[in-house]
Amino acid sequence: MPKVVPGRLQTVTETEWAQGLIHSWNDANWFDMPILVGNKIAPLIGASFEQVAVGDSTSVNLFKCLGAAVKLNQPRNVILLEGDNFPTDCYIAQGLANLLPHVQVQYLEPRDKLEDVLSKDIAVVCMSHVDYRSARIRDMKSTTDAVKAAGALMLWDLSHTTGAVACDLLESEADMAVGCTYKYLNGGPGAPAFTWIHPNHANIIETPLTGWMGHAAPFEFSRHYSPASGIRQMVCGTPQILSLSALDAALDMWSDIDLDQLWAKSSSMTHFFIDTVESLCGDHGLTLITPRNKAIRGSHVSFTIDEGGFEIIQALASLGVTGDFRAPNILRFGFAPLYLQFADVLHAAKQLKEVLDTRLWDDDNFRKRGTVT
Ligand SMILES: Cc1ncc(COP(=O)(O)O)c(C=O)c1O
């Protein structure tokens with residue numbers, strides 16, 4: 001948690017909320033927060049000011065974008081997604097297809113070559129820039145070029161990119177992007193997600209979630225929906241001011257970060273972790289599923305292991321090292337270049353060796369599973 005967040009939340013609750021009451025919608029700029037906070041994310045994803053809206057979850061924003069994309073690109077009617085993408089991307093597409101019977105969902109399998117499946121029916125392609133399991137980076141420019149050459153729209157999920165991996169949406173001429181802010185951006189639990197729409201589309205797309213806060217004049221209370229101009233249309237209902245404020249404070253530290261140095265630090269850290277784990281834990285059956293080539297490696301490192309994956313992550317947590325277990329057998333370690341040090345990386349690798357060498361993980365205490373793994 002960024003140190004500035006508690007103080008900011010105190011100001012928001014005690015001053016803007018308790019004293020300012022509803023006047024803070026104007027006086028504390030609450031109404032404009034989705035765009036003001038979006039302006040702080042824009043430089044991290046290669047977007048410009050007034051192009052990013054922050055609010056709702058990534059899942060909800062996927063729904064808005066996919067719905068807008070199939071409308072914009074009709075009569076094309078197929079949504080193409082990686083079958084192995086983060087499940088919510090697939091679930092949201094399935095939900096949209098249930099609602100709109102003419103829309104179909106097609107999956108890109110790992111063995112498929114994208115160019116071979118880009119038929120004339122595909123309206124939009126949705127992919128993760130950095131894969132949530134392996135951390136493999138999909139080249140944004142060449143993928144977007146291929147998708148657009150086939151007449152489809154390109155929607156990127158930047159959840160594992162933003163704040164750790166270089167990304168240039170405008171240079172790639174992508175059409176849309178979404179992403180969460182609770183990973184490398186440190187926005188906090190349930191922090192609102194972002195949506196970016198290419199400026200060429202921003203005034204012609206139609207969001208399927210036509211809420212009053214995306215209306216051109218919400219306080220005229222007119223019966224019929226008329227979209228606000230630009231990205232503001234993607235703001236659906238009342239913005240989540242408390243969590244937007246925490247995120248806003250967390251984003252302040254990015255203003256003087258040299259992003260090239262940050263991206264470089266991320267790939268050095270992941271390289272160092274891979275090297276160190278392989279030399280310290282080489283005989284414990286870990287299989288690296290993250291690319292060794294730094295050009296296509298995001299900011300996490302994943303290994304599979306045949307036995308005890310869940311328990312190993314729990315045992316590491318008991319030693320103060322926080323990783324993720326991803327079913328069925330993946331140990332995933334994320335490296336936030338903004339605040340982690342190489343000493344932390346070495347420490348994590350040594351603790352992993354300790355857990356594996358001593359079989360610390362092989363204990364009933366580490367087998368208890370909460371709802372969230
Ligand atoms: C690639 C990807 N997309 C979407 C999500 C889910 O986003 P949300 O919970 O904000 O809907 C995640 C969550 O980790 C993710 O990794």
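For the numbers below, each heavy atom of this structure counts, side chains included, while hydrogens, waters and symmetry mates do not. Start at 1 with the first residue, then count along the sequence. Counting convention: from 1, in listed order, for ligands and their atoms alike.
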What does the 4.0 Å heavy-atom contact list look like for ligand 1? Ser57, Thr58, Ser59, Phe86, Thr88, Asp89, Ser128, Asp157, Ser159, His160, Tyr182, Lys183
Should the pair Lys40-Asp252 be classified as a salt bridge under the 4.0 Å nitrogen-to-oxygen rule?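 Yes, charged N to carboxylate O under 4.0 Å.
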Qualifying residue, where the test is side chain to side chain donor-acceptor pair (under 3.5 Å) with His129 and the options are Asp139, Thr161, Thr162, Asp157: Thr161
What orientation do Phe86 and Tyr132 show, parallel under 30°, tilted 30 to 60°, or perpendicular over 60°? perpendicular
Distance to the ring centre below 6.0 angstrom and angle to the axis at most 45 degrees; does that hold for Arg359 and Phe366? no
Under the 6.0 Å and 45° cation-pi test, does Arg332 pair with Phe325?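 Ring-cation test returns no.
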What residue among Phe219, Trp30, Phe31 forms ring-ring contact (aromatic ring centres under 6.0 Å, His included) with Trp25?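 Per the ring-ring contact (aromatic ring centres under 6.0 Å, His included) rule, the option paired with Trp25 is Trp30, out of Phe219, Trp30, Phe31.
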